[in-house]
Amino acid sequence: MANYLNDVSRTFGEYLLIPGLTTKQCIPTNVSLKTPLVKYGTDEKPAIMLNIPFVSAIMQAVSGPDLAIELARNGGLSFIFGSQAITSQVEMVRKVKKFKAGFVVSDSNLTPDNTLADVIRLVKKTGHSTIGITDDGTPNGKLLGIVTSRDYRVEKDDPNMKVHDFMTPFEKLIVGKSGTSLSEANQKLWENKLNTLPIIDDDQNLIYFVFRKDYDSHRENPCELSDATKKLLVGAGINTRDYKDRVQALIEAGVDVLCIDSSDGYSEWQQETLHWIKTNYGDKIPVGAGNVVDGEGFRYLADAGADFVKVGIGGGSICITREQKGIGRGQATALIDVVRTRNEYMKEKGVYIPICSDGGLVHDYHMVLALAMGADFLMMGRYFARFDESPTKTLRVGNNYVKEYWGEGSNRAQNWQRYDMGGNESLKFEEGVDSYVPYAGKMKDNLDITLGKIKATMCSCGATTIEDLQKNAKITLVSSTSIVEGGAHDVILKDQG
């Protein structure tokens, strides 16, 4: 006879937060949304902290390099989707790591004997207008000059003109020496009204470039998630099939964290994958695992070495796993169960393992509920798929602009590894749909509104940190009638058109 659970499978929409005492200190500007991404000993500090509790879903329609860059600039982190060739995923990771590095290793280099045509081709290929001119055309050759878009006119200049005839030669450059700090380099940029500062060693070899635009970008994005060298943080999804090749390539590309992407993480496949990574790389690369919906699944992955655990099966807006297989659990109930076990595990082992709530978020206040229930951060797909930075097309359907959005379990994604049950390598039936989401514009504009709502709600709960919220939040179940009462009712709404 099957084991029956007595609790009802509930969603976030069945709960509300009860206000707590809002003190004079509980104002949005005092609210911190910092949260741990990876496990740590209770007497230690986490190796990686998010500045906002958001990560983007491991999906083709969501987490490309452009969205990863913008989310990291705003304090969150993306997991570049793994349902693609290793080489293309690696290139996406590299693009993120190169975008904002403070000290940037030049990837656009030529020799003085190259031509303007070579310059134009290189700019088109890399998208970078600053080119280091070195004796051998390598990133670390002897610096002889630089070329920027101010040094030539595509419409009028001869494409066969040699670089040495129009570059800014080394003698006219202001440079920094090896050992220059980033703050010193930025000061030199400002004092000399420069856009670019080359950093060289004692033999005049090019080491780095420092760009003025990176300094401006950091001022505009104070929550930026970056490492000690000012490189943006980025994650990547992996599967339980080709991980031995994929993990090594992603580490070489500079990835900061990995996550095993699977609809059902309570499996020996994930245990084997985690064991292999930890055996071969130790603590060099953190790895998240999941998804699970109960404490038993959490404990299995925690014992296997997971650095964080994802919770949620079937709650995503494009996921039909529950409909197809009858597998899953209401997201709120799943989260409450897993958090309870995580807290017990912490007391037993002295290790705190962050929980990622994945799916089931319909309204912005559901995000606060998930955090109050014990999630450390949230993984979202539909939310991010709506923005300019997501990799899908913007289309006009009827009178509305929309973005394409499809599940990894759809035939379009062909991500059979995510639903791998062993055996033949094929997607036997769909567990996701192909759809549209309303186009919402730029990420930052929308994200600022969402974070404003979260901070305001936390203040109403009397909390200025996520930890405070989890300790002190009061949550109540609501009836179906109460849910109706919570919206506009018994009035005639004005036409907003």
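As the structure is a computational prediction, the values presented were derived from the model and not from experiment.
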Requested in this report: Ignoring hydrogens and angles, tell me if any N or O in the side chain of Asp151 forms a donor-acceptor pair with the backbone of Thr148 under 3.5 Å.
Outcome: yes

Query raised in the report: Distance from Asn205 atom CG to Ile200 atom CD1, nearest 0.5 Å?
Result: 8.5 Å

Query raised in the report: Passes side-chain contact (heavy atoms from CB on, under 4.5 Å), Leu50 versus Lys34? Steps please.
Result: CA-CA 6 Å; Leu50 297 172; Lys34 285 182 174 290; over 6 Å; no

Report task. Answer yes if the side chains of Ser357 and Gln331 hold a donor-acceptor pair under 3.5 Å, and no otherwise. Result -> yes

Query raised in the report: Are the side chains of Phe298 and Ile353 in touch, meaning some heavy atoms are under 4.5 Å apart?
Result: yes

Query - Which atom of Val293 lies closest to which atom of Arg329, heavy atoms considered - result: O-NH1, 2.9 Å

Query raised in the report: Do the side chain of Arg73 and the main chain of Asn221 share a donor and acceptor less than 3.5 angstrom apart?
Result: no

Query raised in the report: Just wondering, do Val175 and Phe170 contact through their side chains at under 4.5 Å, heavy atoms?
Result: yes

Requested in this report: May I have the step-by-step check of side chain to side chain donor-acceptor pair (under 3.5 Å) for Thr111 and Asn114, ending in yes or no?
Outcome: CA-CA 6 Å; Thr111 72; Asn114 283 107; 3.0 Å; yes

**Report entry** Donor on one side chain, acceptor on other, Asp136 and Thr138, under 3.5 Å
**Finding:** yes

Requested in this report: Any chance you could lay out the salt bridge (charged side-chain N to carboxylate O under 4.0 Å, His left out) test for Arg94 and Asp107, step after step, and finish with the verdict?
Outcome: CA-CA 11 Å; Arg94 285 191 175 133; Asp107 65 352; over 6 Å; no

Requested in this report: With the side chain counted from C-beta on, respond yes when Asn280 and Lys244 share a heavy-atom pair under 4.5 Å apart, and no when they do not.
Outcome: no

Requested in this report: Mind listing the closest non-hydrogen atom pair of Val62 and Ala385 along with its distance?
Outcome: CG2-CB, 4.2 Å

Query raised in the report: With distance as the sole test, does Arg299 use its side chain to make a donor-acceptor pair with the main-chain N or O of Glu296 at under 3.5 Å?
Result: no

Query raised in the report: Are Thr115 and Asp118 close enough that a side-chain donor and a side-chain acceptor fall under 3.5 Å?
Result: yes

Report task. May I ask you to decide if Gln89's main-chain N or O and Arg246's side chain share a donor-acceptor pair within less than 3.5 Å? Result -> no

Query raised in the report: What class does the angle between the rings of Phe79 and Phe308 fall in, given that below 30° is parallel, 30 to 60° is tilted and above 60° is perpendicular?
Result: tilted

Requested in this report: Answer whether the closest heavy-atom distance between the side chains of Tyr436 and Tyr401 falls below 4.5 Å.
Outcome: no

Query raised in the report: If every non-hydrogen atom of Gly254 is compared with every non-hydrogen atom of Lys97, which pair is closest and at what distance?
Result: O-CE, 3.4 Å

Query raised in the report: CG of Leu335 to CG of Leu371: how many Å apart, nearest 0.5 Å?
Result: 9.0 Å

Requested in this report: Calculate, to the nearest 0.5 Å, the distance between atoms CD1 and OG belonging to Ile207 and Ser178 respectively.
Outcome: 4.0 Å

Requested in this report: For the pair Lys95 and Asp66, evaluate side-chain contact (heavy atoms from CB on, under 4.5 Å) and give the outcome as yes or no after the intermediate values.
Outcome: CA-CA 9 Å; Lys95 183 176 180 181; Asp66 293 339; 3.3 Å; yes

Requested in this report: Provide the closest heavy-atom pair for Ala370 versus Leu361 in the form atom of the first, atom of the second, distance.
Outcome: CB-CD2, 4.4 Å

Query raised in the report: So does Glu467 have more than 12 non-hydrogen atoms from other groups sitting under 6.0 Å from CD?
Result: no

Report task. Using atom types as modelled and distance alone, determine if a side-chain donor or acceptor of Gln470 lies under 3.5 Å from a backbone N or O of Ala375. Result -> yes

Query raised in the report: Within a reach of under 6.0 Å around NZ of Lys278, are more than 12 heavy atoms found that belong to other residues, nucleotides or ligands?
Result: yes

Query raised in the report: Where do Thr240 and Ser262 land on the side-chain contact (heavy atoms from CB on, under 4.5 Å) test, with the steps shown first?
Result: CA-CA 9 Å; Thr240 57; Ser262 174; 6.0 Å; no

Requested in this report: Kindly check if the number of other-residue, nucleotide or ligand heavy atoms within 6.0 Å of CG (Asp283) is above 12?
Outcome: no

Requested in this report: Output, in order, the C-alpha distance, side-chain angles, deciding distance and verdict of side-chain contact (heavy atoms from CB on, under 4.5 Å) for Val147 and Phe166.
Outcome: CA-CA 8 Å; Val147 169; Phe166 62 90; 3.9 Å; yes

Query raised in the report: Taking everything shown except His275 itself, do over 12 heavy atoms lie less than 6.0 Å from its NE2?
Result: no

Query raised in the report: Is there side-chain contact between Asp113 and His164, with at least one heavy-atom pair below 4.5 Å?
Result: yes

Report summary line: Looking only at heavy atoms, the pair that brings Ser129 and Val123 closest together is CA-CG2, 4.3 Å

Query raised in the report: Is the count of non-hydrogen atoms from other residues, nucleotides or ligands lying under 6.0 Å from Phe377 atom CZ greater than 12?
Result: yes

Query raised in the report: How far apart are the C-alpha atoms of Glu191 and Lys188, what are their side-chain angles, what is the distance that settles it, and do they pass the salt bridge (charged side-chain N to carboxylate O under 4.0 Å, His left out) test?
Result: CA-CA 5 Å; Glu191 288 175 352; Lys188 207 162 193 174; over 6 Å; no

Query raised in the report: So how far is it from His128 NE2 to Leu122 CG, rounded to the nearest 0.5 Å?
Result: 10.0 Å

Query raised in the report: Counting only N and O atoms by type, is there a donor-acceptor contact under 3.5 Å from the side chain of Lys231 to the main-chain atoms of Ser226?
Result: no

Query - Among Ile86, Val234, Ile80, Val90, the one residue meeting side chain to side chain contact (heavy atoms under 4.5 Å, CB included) with Leu250 - result: Val90

Query raised in the report: For Ile131, does its backbone N or O pair with a side-chain atom of Ser108 as donor and acceptor, under 3.5 Å?
Result: no

Query raised in the report: Around atom CD of Glu268, are there more than 12 heavy atoms of other residues, nucleotides or ligands at under 6.0 Å?
Result: no

Query - Heavy-atom check, side chain of Asn109 versus side chain of Leu206, under 4.5 Å - result: yes

Query raised in the report: Has the side chain of Asn51 got a donor or acceptor atom that lies under 3.5 Å from a matching backbone atom of Cys223?
Result: yes

Query - Verdict with reasoning, Glu44 to Tyr352, per side chain to side chain donor-acceptor pair (under 3.5 Å) - result: CA-CA 10 Å; Glu44 302 171 344; Tyr352 185 90; over 6 Å; no

Requested in this report: Report yes if the side chains of Thr394 and Lys403 come closer than 4.5 Å at any heavy-atom pair, otherwise no.
Outcome: yes

Query - Test item: side-chain donor near acceptor, Thr450 and Tyr383, under 3.5 Å - result: yes

Report summary line: Between Asn74 and Leu447 the two heavy atoms that sit nearest each other are CB-CD2, 3.6 Å

Requested in this report: Look up atom OG in Ser78 and atom CE in Met92, then write down how far apart they are to the nearest 0.5 Å.
Outcome: 11.5 Å

Requested in this report: Using a 4.5 Å cut-off on heavy atoms from C-beta on, say whether the side chain of Leu71 contacts that of Leu77.
Outcome: no

Query raised in the report: Should the ring pair Phe211 and Phe209 be called parallel, tilted or perpendicular, given that the plane angle runs from 0 to 90° and is split at 30 and 60?
Result: tilted

Query - Side-chain (Gln270) to main-chain (Ser267) donor-acceptor, under 3.5 angstrom - result: no

Query - Distance in Å, Thr196 OG1 paired with Ile174 CD1, rounded so as to fall on 0.5 Å steps - result: 11.5 Å

Report task. Ignoring hydrogens and angles, tell me if any N or O in the side chain of Ser63 forms a donor-acceptor pair with the backbone of Met59 under 3.5 Å. Result -> no

